[in-house]
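To start, the structure under review is shown below, and the notes come after it.
Below, chains carry the letters A, B, ... as their sequence lines are ordered, and counting in each starts from 1.
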Amino acid sequence: MFVSKSMTQKVITVHPATSVIEARDLLKKHRIRHLPVVENGGFLVGIITDRDIRSALPATFYDKTGTHPEAGESAAIKVGDVMTTNPHTVSPEDTIEDALLQIQTMRVGAFPVVDRQGRLQGLLSVRDLLRAFISVLGIEEPGTLLGILVEEKLGQMKIIVDAITEENISFGSILVSRHWESNMRAVFPYLLTNNVSRVKKKLAGLGFKILDPMEWTMDRLPKHD
Amino acid sequence: MKRTGFLYDERFRNHVTGPYHPEVPERLTAIYQGIEQKGLLEHLTIIPAQPAARMWIELVHDKDYVDRFEAACRDGQTTFDSPDNQMGPETYQTALLAVGGILETIDRIIAGEIDNAFCAVRPPGHHAERSKAMGFCYFNNAAIAAAYLQTQWFLQRVAIIDIDVHHGNGTQHIFEEDATVFYYSIHQHPSFAYPGTGRAFEGGEKRGAGYTCNSTVLPGQGDAFYKEAIARDLVTAMQRFRPEFIIVSVGFDAHVDDDMSDVALSTEGYSWLMEQLVEISRRHADGKLISILEGGYDLPRLPELAGNHVQILLND
């Protein structure tokens, strides 16, 4: 999965000389939060977010539209004055995994996507990454998620997959969490069916522990912070 | 013609990995025959191996880890730390021999007896972490070599250039906070290959920030991409770093015929790549270069690749 396939390609951009008030109107009109700043035929020079603009304008001002007489000096503020220069970027040839691992640590909402020469090719936002992840999970199709606690030894997955396949149930996806407890992993098959009671009993009969849904968490990964 | 050393010892074949494993003793036979058939053996200084002292291995690996490895081997276990790491009763001794041979080779280069060398060792090393065996690797040969150059020979700047098609996670992690060892690796993009690390944004940590560099190659990109990446990433980094000694982790598994990878580097691409590394060693390190075998599993292709590799080391 490449960034080029998941990014937003039609990106609204601004120039460093664009007024901040105009940038604010663009964000509101298109209901977006990031504007890459480009000049000279598409070379990226920065990014400006709704938060940058809120900080630049008087508190009461962000929610109004157009230029007000009381805008005063605010009308003179340019995008180039308040944008983030040299933002962290990704390349169209990077993979979604590359982007996920970076966005987790960088505390930004979007990466501008640029080619080798520095020309803007698109924007990859947290929302785009979520969409890619949703597609991998297969959860746009109706189905049921199971949680199964499995001993960490060879061949367990085959038993689970065989048991589910014998019930004529299709898989949307299977996630494996290796950070459960020692020598155990949690397997989460997303099954494209509403009818899982039989297969749950079957799996329990094979000796697997079906996890209580209230104990499910995918958040046992070591935290960086 | 340069004075090139060749670390080769029949006992490197004693690490037996069992059936259905790609990292087999026959790899060394193929490599030896390739060098022999090219008529290069007589020009090489053959270096025999002797077991390394544990103190050198413990420059890089935790003492507990070395103990665990020794015990696992003694107790007759058939795998160690990961199912990939299949082993036999001689594996621990063989791994000690590989390290010992490499240290001996380094001593001879530093003493000026030889200019450079190829070390055809098994088991390989670059996936081995400080306390964990992974990916057919037990002791991190290249990392121990770098630590030895620092400790025994007081070198200030050592570069490890890893051209195995897989990322050398162990080597990177061991030195990622160290600004005196530059780790460069070019490998198949981690979203498509073991071990899943070595992403382009991994560039070293803390004091080592800027002293790790990863070039990632997408499936099928081949020679042209290697040429672009080496010029863009490695050559410029070495100009800044000015290494005093080059350690090459050489894997022959990026070759188009090797079914462990998809990057499709050609035989000519391999030669070109090695010529660049020799040129870098000449420019910055007075020609001091040691290449250490990592992967490379296509037995029919290994003789040619190893023969070319040694030929390039010998060329002036």
#### Entry: Atom CZ of B:Arg207: over 12 foreign heavy atoms under 6.0 Å
no
### A:Glu93 and B:Thr216, any side-chain heavy atoms less than 4.5 Å apart
no
### Query
Considering only heavy atoms, which portion of B:Glu202 lies under 4.5 Å from any heavy atom of chain A: side chain, backbone, both, or neither?
neither
### residues 64-77 of chain B: residues contacting chain A (heavy atom under 4.5 Å, by number)
none
### Query
Should the heavy atoms of other residues, nucleotides or ligands under 6.0 Å from CG of A:Leu154 be counted, would the total exceed 12?
no
### Task
Please indicate whether A:Arg51 has more than 12 foreign heavy atoms, meaning atoms of other residues, nucleotides or ligands, lying under 6.0 Å from its CZ.
no
### Query
Which residue pairs pass the side-chain hydrogen bond (donor to acceptor under 3.5 Å, both in side chains) test with at least one member in residues 124-140 of chain A, sequence neighbours excluded?
A:Thr8-A:Asp128, A:Ser125-A:Asp128, A:Asp128-A:Arg131
### Point-to-point distance, once rounded to the nearest 0.5 Å, from CZ of B:Phe201 to CE of A:Met106
10.0 Å
### Query
Got more than 12 heavy atoms from elsewhere within 6.0 Å of CG, A:Asn86?
no
### Query
Roughly how far apart are A:Arg116 CZ and B:Arg232 CZ, rounded to 0.5 Å?
4.0 Å
### Task
Among A:Thr95, A:Ile96, A:Asp94, find the residue that satisfies the side chain to side chain contact (heavy atoms under 4.5 Å, CB included) test when tested with B:Ser191.
A:Thr95
### Message
Other residues, nucleotides and ligands only: do more than 12 of their heavy atoms fall within 6.0 Å of CZ on A:Phe43?
### Response
yes
### Query
More than 12 heavy atoms of other residues, nucleotides or ligands under 6.0 Å from CZ of A:Arg33: is that the case?
no
